Number of protein chains: 2
Amino acid sequence: MIDSSLAVSCSNCSVRRLCLPAELSRADIDRLERVTRRKKVVKAGEILYQSGDPFQNLYAIRSGSFKSVVIAADGDTQITHFALPGELLGLDAYSKRIHSSYAEALEDSSVCLLPFAQLELLAQQVPALQQQIYSIFSEELRQENDILMLLGKRSADTRLAALLINISSRYACRGYSCNEFILSMPRTDIANYLGLTAETVSRVFSRFHRERLIKVDGRVVKILDLLGLSEVAGTHCGYEVDG
Amino acid sequence: MIDSSLAVSCSNCSVRRLCLPAELSRADIDRLERVTRRKKVVKAGEILYQSGDPFQNLYAIRSGSFKSVVIAADGDTQITHFALPGELLGLDAYSKRIHSSYAEALEDSSVCLLPFAQLELLAQQVPALQQQIYSIFSEELRQENDILMLLGKRSADTRLAALLINISSRYACRGYSCNEFILSMPRTDIANYLGLTAETVSRVFSRFHRERLIKVDGRVVKILDLLGLSEVAGTHCGYEVDG
DNA sequence: CGAGTCGTTGAGAATTTTCAAGATTAGTGG
DNA sequence: CCACTAATCTTGAAAATTCTCAACGACTCG
């Protein structure tokens, strides 16, 4: 259960601001690190938390990736997020104290457990931490806007291009390569997420490949022409992409 | 600028929990109400805040409705939210201290201004208020999941049905009629939001009408067969609809 | 009253899905 | 290490859906 290797350094982590706020005293940092020390390994296909589970932790992804999935009344499932290394899972469960979606590892992954109750207590005593938590919530909402923008697109081309740029940018933010990466999710998951069929997703991948926008080999994607891809997407999806 | 009529009573407001937390002392409530007293009237088509504006307030909608719109790199616009009476606008701007979308009134509206800086200060002294703010952030994220679910649907029918149920449920939550309501946004806005064209939206409305799922007269919608509509939507979109 | 916006409907064009078959990859057990 | 099974991915062709372009009526606002 406990993983001692540090696949994602804390300095590249989305919760770095939370774990290592600049204005904390040494004593506060120690207290915080005591709270955020627990790690967990989740194998590909395993569930991190189930829909209906009580809310206890936030999860910071140290390595690997997850999908969050909501189950509809009729049993249909809808993928609502792909979570990448350095990102957070579970924030939406606070208000109801219950997870309304489940999170499944797309590959062997490792997460950092953040017990929210303890975090909350500490934040009451440390205003800087308080503000970090607001920031994280708010940033999460802002990134949702990028996703809504992506899903509001009408054509399959546009949506897939926007998704690729979105993922690329999110890797860039964490210091990973933004030109070449592995899509850890199967085509069916991408299709579900984008409101398309797996066949359409596959065809668009092939076409992008033929048009030399990207190089695709199974789940390995290399972006060859970011500008061209951006034009197809018609957006930067909210992320700044520098050279 | 200041509106003295109370179109939405505070007890029906989404921020009621924020404005009137149960565990506050009389003195704290007074302090809070001093902070949340300012109101603003926004006429149909007017902008509440512009993209790029500095973040200062949250806005609780007392009456009327808004759309939030993101402008893409290529000038394309994407509607990311419809905000109804009792709901909040602006939470996503906290982290960057700047609004990344603009909010436009869909009809003559009235909002309650919540200066976040002051709210934040007060929250540091009142843990109950702190938790309400987390709750509001988190609830906002959870509702985003409902929207992602809706946009992940593949057919126009399903998406529009899901949107109608979503809006109906949101009215129900605030104590308004969930069977009959006015869609304050034009068809083009619904289409933009759902990733469809206005013509398709119009056609689906007509079909739903013919199939006696709803009664449509321009922007007035009456739900005749909620169960049937839910079946088309394939989901309750996260809201419980009783009776 | 006239101009403009909004909503509806039709018909052909374009896109996407569906259904089906093969190719490739991944995982398993011998 | 190989063979075998299962899952994933790709591609094709026909069917279904949605979009585009166009026309027209209803409504609103100067």
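For the numbers below, each heavy atom of this structure counts, side chains included, while hydrogens, waters and symmetry mates do not. Treat the numbers as computed from the prediction; the structure is a model and nothing was measured. By convention in this document, chain letters (A, B, ...) are assigned in the order of the sequence lines, proteins followed by strands, and residues within each chain are numbered from 1.
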Chemist: On the nucleotide C:dT18, are OP1 or OP2 found under 4.0 Å from the side-chain N or O atoms that B:R154 carries?
Modeler: yes

Chemist: Once you round it to whole Å, what is the distance between C1' of C:dT16 and CG of B:D157?
Modeler: 15 Å

Chemist: Does B:S202 reach a base, just sugar-phosphate, or nothing at all? Heavy atoms under 4.0 Å.
Modeler: base

Chemist: Please determine if a side-chain N or O atom of A:S206 lies less than 4.0 Å away from the OP1 or OP2 oxygen of D:dT11.
Modeler: yes

Chemist: Measure CG/B:L160 against P/D:dT17 and give the value in whole Å, please.
Modeler: 16 Å

Chemist: Looking only at the aromatic ring of each residue, does the gap between the centers of A:Y102 and A:Y49 stay below 6.0 angstrom?
Modeler: no

Chemist: Go nucleotide by nucleotide along DNA chain C from the 5' end; which of B:P186 and A:L196 gets its closest nucleotide reached first?
Modeler: B:P186

Chemist: To the nearest angstrom, how far is B:F205 atom CZ from C:dC6 atom P?
Modeler: 15 Å

Chemist: Under 4.0 Å: is that the gap between some side-chain N or O of A:R203 and OP1 or OP2 of D:dT11?
Modeler: no

Chemist: Could you state the atom-to-atom distance from CZ of A:R207 to P of D:dT11 in whole Å?
Modeler: 12 Å

Chemist: In this structure, how many angstroms lie between the P atom of C:dA26 and the NZ atom of A:K43, rounded?
Modeler: 19 Å

Chemist: Which whole-number value in Å describes the distance from A:R219 CZ to C:dT24 P?
Modeler: 17 Å

Chemist: Starting at NE2 of B:H209 and ending at P of C:dG7, how long is that distance when rounded to a whole Å?
Modeler: 16 Å

Chemist: Roughly, in whole Å, what's the span from CZ in B:R187 to P in D:dC19?
Modeler: 16 Å

Chemist: Looking at A:R207 and A:D157, is there a salt bridge between them, counting it only when a charged N and a carboxylate O are closer than 4.0 Å?
Modeler: yes

Chemist: At less than 3.5 Å, do the side-chain atoms of A:E199 and the base atoms of D:dC9 form a donor-acceptor pair?
Modeler: no

Chemist: Determine whether the aromatic ring centres of residues B:F82 and B:Y193 are separated by less than 6.0 angstrom.
Modeler: yes

Chemist: Would you say C:dT17 has OP1 or OP2 under 4.0 Å from some side-chain N or O of A:T200?
Modeler: yes

Chemist: Do NZ/NE/NH1/NH2 and the carboxylate oxygens of A:R142 and A:D146 come within less than 4.0 Å?
Modeler: yes

Chemist: Applying a 4.0 Å non-hydrogen cut-off, can you work out what A:G45 is touching in the nucleic acid: base, sugar-phosphate, or nothing?
Modeler: nothing

Chemist: With a 4.0 Å cut-off on N to O distance, would you call A:D225 and A:R212 a salt bridge?
Modeler: no

